[in-house]
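We're numbering straight along the sequence, starting at 1. Just so you know, ligand 1 is whichever comes first in the structure, and atom 1 is the first atom listed for that ligand.
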Amino acid sequence: MAEEPFWYTEPLPPFWDENLRTQIRVQKVLHDEQSPYQHIQVFQVGSLGRALLLDGIIQAAEADEFIYHEMVALLPCLLHPRPRRALIVGGGDGGALREALRLSTLTEAVMVELDKRVIEVCQEYLPSVSRGAFKDPKARILIGDGMEWVKRLRPSFDVAIIDLTDPTQDGPANPLYASPFFKDVARLLGKRGIISVQSGSLTFQPEWVRYLIGQLRPIFPYLRLHTAVVPSFQAGLFAFLIGSKSALPLPSRPTYQRRLSRLDGPPRYLSYEMVHASAAIPPHLAEVVGLAPNCQSA
Ligand code: SAM
């Protein structure tokens, strides 16, 4: 291990521009282990605070995880008229679970995580991400492969949050980024159910986003791309695909205000304006991923 502090360079994820690398300056390695599924590390990174890495890729950093988790988890909950049951696949750091549990309408949040060591390590080193969510009486944590669990769970859910690691060579999440898994998720969702999928970098992996749209669109004909800048990912516009079998309009201001009143407090990132702004995609990228300029595929 290099002497601390040191510059750490992320391995290149698939579909990434090979001329660009993500670098962070690591003050201290707080944790480093190989679980049965992946390499788990926690770094102390100056202004970003503590950061979780899986197989060398940054998953969440204390300074800006709220942006990512509000986008992947809170946004679909706020787009649904009245979410009662939420399903989270992946999300071992607990941030998506925390955001879903903020809704007073929620009666149950089921989280399926492959690797219980991610949950344990994050509770120990990054407790501010889950903020006690794993102990919430409405939370049900299932350990195992999401692919298997979605075949066994009982419908119906209102929101399904797919918060998986990026695909890597032989990565455990790879098989889930495909239509058979999305079909199983669709079976679990009610008529107005909403799926939200972390979809990589729109700026640097548009071909990946395009591929995901192709997998999702036949199953969720109402599909919209939202983006946000998550500084610690150094990924330009980060993509979140949101889909449904029913129309998925952006809420009006009064509707949004009403839905916000079901939260334990105001979001830090998702104001009414940001929800609408996050659905605006620059035409040159909309063209690459094959979406109409209004970003709605149907
Ligand atoms: N924010 C993230 C990112 O940027 O990619 C995702 C974070 S979350 C930590 C990803 C989780 O997905 C990990 O805890 C990993 O163990 C889990 N995971 C990977 N493959 C899985 C599978 N097949 N079933 C369930 N969970 C899986």
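Protein heavy atom nearest atom 5 (O) of ligand 1, with residue, atom name and distance: Gln198 NE2, 3.0 Å. For atom 4 (O) of ligand 1, the nearest protein heavy atom (residue, atom name, distance) is Phe233 CZ, 3.5 Å. Gln59 OE1, 3.3 Å is the protein heavy atom nearest to atom 7 (C) of ligand 1. Summary of contacts: the protein heavy atom closest to atom 18 (N) of ligand 1 is Leu164 CD2, 3.7 Å.
Close approach to Leu176 involves these atoms of ligand 1, each under 4.0 Å from a residue heavy atom: 23 (N). Within ligand 1, the atoms closer than 4.0 Å to a non-hydrogen atom of Gly92 are 8 (S), 9 (C), 14 (O), numbered from 1 in the order shown. Below 4.0 Å from some heavy atom of Asp93 lie the following atoms of ligand 1, by number and element: 7 (C), 8 (S), 9 (C). Annotation for ligand 1: atoms under 4.0 Å from non-hydrogen atoms of Thr165 are 5 (O), 10 (C), 12 (O), 19 (C). Distances below 4.0 Å separate heavy atoms of Gly90 from the following atoms of ligand 1: 11 (C), 12 (O), 17 (C), 26 (N). Residue-ligand proximity, Asp115 to ligand 1, at heavy-atom distances under 4.0 Å covers atoms 16 (O). For ligand 1, the atoms closer than 4.0 angstrom to any heavy atom of Asp163 are 1 (N), 2 (C), 6 (C), 7 (C), 8 (S), 10 (C), 11 (C), 12 (O). Here is the list of ligand 1 atoms found below 4.0 Å of a heavy atom in Asp145: 22 (C), 23 (N), 24 (N).
Counting all heavy atoms, side chain and backbone alike, Tyr8 lies closest to Gly56 at OH-O, 2.8 Å.
Taking CG of Leu78 as the reference point, atom OG1 of Thr255 lies at 11.5 Å (rounded to 0.5 Å). Atoms CZ and CG, on Arg210 and Leu202 in that order, are 12.5 Å from each other to the nearest 0.5 Å.
A donor-acceptor pair under 3.5 Å is absent between the side-chain atoms of Arg131 and the main chain of Arg98, judged by distance alone. Formation of a donor-acceptor pair under 3.5 Å by the Ser246 side chain with backbone atoms of Lys191 is found in this model. Using modelled atom types, no side-chain atom of Ser35 and backbone atom of Arg117 make a donor-acceptor pair closer than 3.5 Å.
The closest approach between a heavy atom of Gln38 and any atom of ligand 1 is below 4.0 Å. Residue contact annotation: Tyr37 has no non-hydrogen atom under 4.0 Å from ligand 1. Taking a 4.0 Å cut-off on heavy atoms, Met147 fails to register as neighbouring ligand 1. Distances shorter than 4.0 angstrom do not occur between any heavy atom of Ala60 and any atom of ligand 1.
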* Asked: Which is it for Phe240 and His226 under the ring pair (Phe, Tyr, Trp, His ring centres under 6.0 Å) test, yes or no, and what are the steps along the way?
  -> CA-CA 5 Å; Phe240 302 87; His226 289 256; 8.5 Å; no
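Among Phe204, Tyr177, Trp208, the single residue meeting the ring-ring contact (aromatic ring centres under 6.0 Å, His included) criterion with Phe15 is Trp208.
On a distance-only criterion, Gly146 and ligand 1 share at least one N/O pair closer than 3.5 Å. The N/O atoms of Pro172, backbone and side chain alike, include one that comes under 3.5 Å of an N/O atom in ligand 1.
The aromatic rings of Phe43 and Phe6 sit perpendicular, their planes meeting at an angle over 60°, well past the 30° parallel limit.
Between the side chains of Thr22 and Gln234, no donor-acceptor pair is found at a separation under 3.5 Å.
Of the candidates Leu114, Ile119, Leu53, Leu114 brings a heavy atom nearest to atom 26 (N) of ligand 1. Which of Arg117, Glu113, Lys116 comes nearest to atom 15 (C) of ligand 1 through a heavy atom is settled by distance: it is Glu113.
Electrostatic pairing of Asp158 and Arg84 does not count as a salt bridge here, judged by no charged N lying under 4.0 Å from a carboxylate O.
Heavy atoms from other residues, nucleotides or ligands lying under 6.0 Å from NZ of Lys151 number more than 12.
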